[in-house]
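Within every chain, numbering begins at 1; the chains are lettered A, B, ... in the order of the sequence lines, protein sequences first and strands thereafter. Every value quoted in this text rests on a predicted model; they were computed, and no experiment measured them.
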2 protein chains.
Amino acid sequence: MKLNTLSRKQEIYRTAAKLFKEKGYSAVTMRDLAAAVGIKAASLYNHITSKQQILSEIILDIAEQFTEGIDAIVDRDTDTITKLKEVIAQHIILTTDNPYGMAALNNDWMHLEGKLDHYLDLRTRYENKFRSIVLEGKESGELKDVNTEILLYSILTTLRNLYLWIPKKGELQKDVLIKELSVTLLQGVEK
Amino acid sequence: MKLNTLSRKQEIYRTAAKLFKEKGYSAVTMRDLAAAVGIKAASLYNHITSKQQILSEIILDIAEQFTEGIDAIVDRDTDTITKLKEVIAQHIILTTDNPYGMAALNNDWMHLEGKLDHYLDLRTRYENKFRSIVLEGKESGELKDVNTEILLYSILTTLRNLYLWIPKKGELQKDVLIKELSVTLLQGVEK
DNA sequence: GTCTATAGCCGGATAGAC
DNA sequence: GTCTATCCGGCTATAGAC
């Protein structure tokens, strides 16, 4: 088992995600991707089957991790604030692991062909679980009585777009970020 | 002057923005755009000069509105919280006016060719003005001592992505939205 | 102002040599 | 596993008839 080298296939996937982040799926050509990897376009096809398959593997891999994660959090026997902090932590961890993939998930999902419906299912399921945490917190009195959809939109959008921002802030420790972002999102900024 | 009809040029720009939102600039072809307008691709060129010019007009028009708006807000002689509420209100108003253009601004700016530098200047200037409001509020003690960049990122991301969400929530009055989103972003959700 | 036709280029993907 | 050569279709934009 190789420890310090990526398989060529892995290298292609990572490079593709990076290019997709910079220009979007449609604007990245197989010639671009090949050049970034250091081979010719035709050679890519010894490792992958199509451009579309690269996209769908990148997106669905992450989407499934998020789904599994929130399923576990929802089932946990804790209070709402703890659950929300766990959701925030999950976003930060998965985004730190794979910021380019997160970009593709956010911006290029509409270019999925065969797997679009599966992606949309996962996405809806995720949003519903998130909403159920929020509704629970409002019933128990842990959360303010603000509009549920505004709250959901506002937190989820911030979390979904962390990829834009996390790579630049490498100096910020992951656990510090989790703590500070939790305060900002949950307790606000006004003194 | 026509009051109830859009000029063909206007119609093309609006339709283009809508298509750019759905699929991204690169994936929208001039044939797609022409079909959506109800003419042939070649006929578009009697009204516009290039695909690129459509994009750049859509994006820079909005970017300049934001820049002018924040310049005025920064110069106002009010407290920080009021300024932040005005920034929030500006985003909601401009996004409600032109949600599709906002999508292009957010997702397709990297496909600007000649005007990319101008766009990046406007964007940096906007972020710096926003940051100056936040720093002022921290000095005056109106804002909590949270990490400035996290605060900036979190609020700006929510505001920049309102286009994803505002069109679906037509029932929510603009002024109610301004008020509720201000509470959520500034005072948090935890009771 | 819209059309048909087409120039000229670039896209994803395959064939087959090495 | 990488290469060169190439297929074939779609792309933006233009030319010129009506």
Side-chain angles (χ1 to χ4, degrees), chain A residues 1-2 4-60 104 107-116, chain B residues 1-2 4-60 104 107-116:
Chain A
M1 188 158 74
K2 296 192 216 163
N4 288 316
T5 60
L6 249 49
S7 72
R8 191 116 255 201
K9 189 172 172 178
Q10 288 286 323
E11 188 191 359
I12 291 170
Y13 277 79
R14 295 198 181 206
T15 307
K18 186 169 183 179
L19 294 179
F20 292 166
K21 185 199 165 191
E22 285 161 11
K23 308 204 294 177
Y25 175 75
S26 304
V28 175
T29 72
M30 297 306 272
R31 289 168 174 84
D32 291 338
L33 175 55
V37 171
I39 57 179
K40 296 289 173 184
S43 309
L44 290 172
Y45 291 87
N46 276 299
H47 307 281
I48 55 105
T49 73
S50 69
K51 188 187 178 189
Q52 174 63 207
Q53 176 234 336
I54 297 176
L55 182 70
S56 114
E57 203 142 319
I58 290 171
I59 291 181
L60 289 168
N107 301 319
D108 286 319
W109 59 266
M110 72 287 279
H111 299 118
L112 288 171
E113 287 158 17
K115 303 240 171 108
L116 178 59
Chain B
M1 189 158 75
K2 297 193 218 168
N4 288 315
T5 60
L6 250 48
S7 73
R8 192 116 254 203
K9 189 173 172 178
Q10 286 289 322
E11 187 191 0
I12 291 170
Y13 277 78
R14 294 198 183 207
T15 308
K18 186 169 183 178
L19 294 179
F20 292 166
K21 185 199 165 189
E22 285 161 10
K23 308 202 295 176
Y25 175 75
S26 305
V28 175
T29 70
M30 296 306 271
R31 295 187 235 277
D32 291 337
L33 176 54
V37 171
I39 58 179
K40 296 290 175 182
S43 309
L44 290 171
Y45 291 87
N46 276 298
H47 307 282
I48 55 107
T49 71
S50 69
K51 188 187 176 189
Q52 174 64 208
Q53 176 234 337
I54 297 177
L55 182 70
S56 112
E57 203 143 321
I58 291 171
I59 290 181
L60 288 169
N107 301 319
D108 287 318
W109 59 267
M110 72 286 279
H111 299 118
L112 287 171
E113 288 159 15
K115 303 240 172 109
L116 178 58

> Over how many whole Å does the gap from B:L44 atom CG to C:dT4 atom C1' extend?
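After rounding, the gap between these two atoms is 15 Å.
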
> Drop me the distance from A:L33's CG to A:I12's CD1, to the nearest 0.5 angstrom.
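If we round to the nearest 0.5 Å, A:L33:CG and A:I12:CD1 are 6.5 Å apart.
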
> In whole angstrom, give the distance that lies between atom OH of A:Y45 and atom C1' of D:dC3.
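After rounding, the gap between these two atoms is 15 Å.
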
> Using the side chain to side chain contact (heavy atoms under 4.5 Å, CB included) rule, take A:E113 and A:L55 through it: C-alpha gap first, then chi angles, then the decisive distance, then the call.
CA-CA 10 Å; A:E113 287 158 17; A:L55 182 70; over 6 Å; no

> Looking only at the side chain of B:T29 (C-beta and beyond, no hydrogens), which of the listed nucleotides D:dC11, C:dT4, C:dG12 gets closest?
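Nearest to the side chain of B:T29 among the choices is D:dC11.
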
> Grab the CE-P distance between A:M30 and D:dG10 for me, whole Å please.
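So the CE-P distance, A:M30 to D:dG10, works out to 18 Å.
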
> Separation of A:K40 atom NZ from C:dG12 atom P, in whole Å?
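Atom NZ in A:K40 sits about 15 Å away from atom P in C:dG12.
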
> Do the side-chain N or O atoms of B:K51 get closer than 4.0 angstrom to the phosphate oxygens (OP1, OP2) of D:dT12?
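Indeed, a polar side-chain atom of B:K51 lies that close.
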
> When the distance from CG of B:D32 to P of D:dC11 is rounded to whole Å, what number comes out?
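Answer to the nearest Å: 7 Å.
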
> Tell me whether the side-chain N or O atoms of A:R31 pair up with the base of C:dG12 as donor and acceptor below 3.5 Å, since no angle test is needed here.
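Yes, the side chain and the base share a sub-3.5 Å donor-acceptor pair.
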
> With heavy atoms under 4.0 Å as the rule, sort B:V28 into base, sugar-phosphate or nothing.
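The residue B:V28 makes sugar-phosphate contact but no base contact.
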
> Angle class for the B:F20/B:Y25 ring planes (parallel below 30°, perpendicular above 60°, tilted otherwise)?
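B:F20 and B:Y25: perpendicular rings.
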
> What's the CD1-P distance between B:I39 and C:dT4, to the nearest Å?
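Value for this atom pair: 12 Å.
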
> Are A:S43 and D:dC3 close enough that a side-chain N or O sits under 4.0 Å from OP1 or OP2?
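So the side chain of A:S43 is within the cut-off, an N or O lying under 4.0 Å from OP1 or OP2 of D:dC3.
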
> Find the distance B:E11:CD to C:dG1:P and express it as a whole number of Å.
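Computing the B:E11:CD to C:dG1:P distance gives 13 Å.
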
> Evaluate the side chain to side chain contact (heavy atoms under 4.5 Å, CB included) criterion for residues A:K51 and A:L44: first the C-alpha distance (whole Å), next the side-chain angles of each, then the deciding distance (0.1 Å), finally the verdict.
CA-CA 10 Å; A:K51 188 187 178 189; A:L44 290 172; over 6 Å; no

